Chemist: 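Can you read through this structure? Questions will come right after.
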Amino acid sequence: MKLISGIQPSGNITLGNYLGAIKNFVKLQDNPDVTDFLIFVADLHAITVPQDKQALRKNIRSLVATYLACGLNPEKVKIFIQSEVPAHPQLGWILQCNGYIGELERMTQYKDKKERQTQGVSVGLLTYPSLMAADILLYDADAVPVGQDQKQHLELTRTLAERFNNKYGDTFVVPEPFIPEAGAKIMSLAEPTKKMSKSDPNPKGYIALLDDINVIKKKIKSAITDSDGKIAYDPVNKPGVANLLTIMSCCSGSSISDLVEKYKDSNYANFKEDVANAVVAEIEPIQAKYNEIINSDYLDKVLDEGRDYAIYFSNRKIQKVYNKVGLGRKTK
Ligand code: AQP
C-alpha cells in the first residue's frame, strides 16, 4: 500500500495537526502493509492566503524538523518540499482544467477561508483542491492519512481521478482517505465548536507543539468549558469538556470511557491540570528533539533525498499524463 500526506507550513504546527495527522503517520510508517510512504511540506498550498516571506521560510524548515522530532524515520518515509518538485503544479494545472468551478466553490474550507480574507480572495484558494489532488495522484497513492477536515478534498480527488481515467484511459489510482479513529478533529480551546487551526488569529485557541511548556499549561487551564461542572463526554452539549477528554485520551492512551469514570467526581480545575500534564508529557520530548535537529545538516540531507525520489517518480507520471492529454511532442 502506498501512502502520501502533507501539511501546510502556514503557521505553528498545532496539537490538532499532531494528533490528527503526524501521530498517525508515525504509527503507519511501521505498518508492514505500507510499501511506500511520502510526506511533504505543502508550501505551495500555504501561499493560497497571504504569507510573510521570512515567516514562510522559517515555517517550512520548522515543519520538517517537527516531522523528524515527532518520530518520522527517513529510512521508512520520504520527506520533501512540494515546491521543489515541479510536477505538482504541472499536474495541478491539468486537473484544474478537468475540474468545475461549481464543485470547487462547494468546498467547506474554501467557504470558511474566503470569509476570513481581508485583502481579496486568491484564485489559488478556490483551486487548492486540484493541486491537492495532483499531490496525491502523481504517486499512485492508495490511501491518504488525514484529519476529518480533509475528507471533502479527498472525495474531490477521487472524482477528478475517475473523470480523468474515464476521459483519457486508466492513468490514476483512485485513493481512499485514511482518517484516524481518535483525534481526527481536535477543537479550538477558545471556541470548542470550531476546529483547532494553526492560522487561528487567536493563539488561545490552539496549542502549538513549540509553545513554551508554561504557556501550554495556561492555555489548557483557560480552555472554555461550561457551567455544568460535570465531566462527561457530550460533544454537542459539552464541546469544551469533550475536546479536553479527546486530547487527554490521545495523549495518555487511556480510553475516553475510562477517563470519564476516573474524573466523574473531579472538578474542572483538577481535570484540566491532569490534561495539561498529559499534553506536556507528549510534547516535551518532541521539543527536545526538535531543538537538536532544527539547525542540523541532517535535515537538508533528508530533504535532498526526498526531493530526488519524488522528482523521479512524479516526472514519469507527468510525462504519461501529458501524452494522454496530447500536450507537446510525444515522448516515450
Ligand atoms: N484540528 C484538527 N484536528 C485533527 N486534525 C487536524 N488537521 C488539521 N487540523 C486538525 C490535520 O492536519 C493536517 C494538516 O493540514 P493542512 O496544514 O494541510 O491544513 P488544514 O487541515 O487546513 O490545517 P490547519 O491547521 O487548519 O491549517 P490552516 O490554519 O493553515 O488552514 C491534515 O491532515 C488535517 O486534516
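Whatever order the structure lists ligands and atoms in, that order sets their numbers, starting from 1. Treat the numbers as computed from the prediction; the structure is a model and nothing was measured.
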Chemist: Got a sec, which hydrophobics cluster with W93, joining ILVMFWY side chains under 4.5 Å apart, including via others?
Modeler: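 Reading the cluster by chain and number, W93 sits alone, since nothing else belongs.
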Chemist: Using the ring centroid of each side chain, check whether F172 and F164 are separated by less than 6.0 Å.
Modeler: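 Yes - the distance between ring centres of F172 and F164 falls below the 6.0 Å cut-off.
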Chemist: How does the hydrophobic cluster around I294 look, that is, which other residues are in it when side-chain heavy atoms under 4.5 Å mark a link?
Modeler: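 Its cluster partners, ordered by chain and number, are L210, Y290.
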Chemist: Any pair with a residue in residues 63-78 that passes side-chain hydrogen bond (donor to acceptor under 3.5 Å, both in side chains), sequence neighbours left out, goes on the list, sorted by first then second residue, please.
Modeler: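 Of all non-adjacent pairs touching residues 63-78, those that pass side-chain hydrogen bond (donor to acceptor under 3.5 Å, both in side chains) are D30-K76.
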Chemist: Quick check: F313 with Y139 (ring centres under 6.0 Å apart)?
Modeler: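 No - the distance between ring centres of Y139 and F313 does not fall below the 6.0 Å cut-off.
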Chemist: Which protein residues come within less than 4.0 angstrom of ligand 1, counting heavy atoms only?
Modeler: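 Ligand 1 pocket, heavy atoms under 4.0 Å: I7, Q8, S10, G16, N17, G20, A21, Q109, K113, Y128, V146, G147, D149, Q150, G183, A184, K185, I186, K195, M196, S197, K198, S199.
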Chemist: If you count every heavy atom of other residues, nucleotides or ligands that lies below 6.0 Å from Y100 atom OH, does the total exceed 12?
Modeler: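 Counting neighbours around OH of Y100, 12 or fewer heavy atoms of other residues, nucleotides or ligands fall under 6.0 Å, so no.
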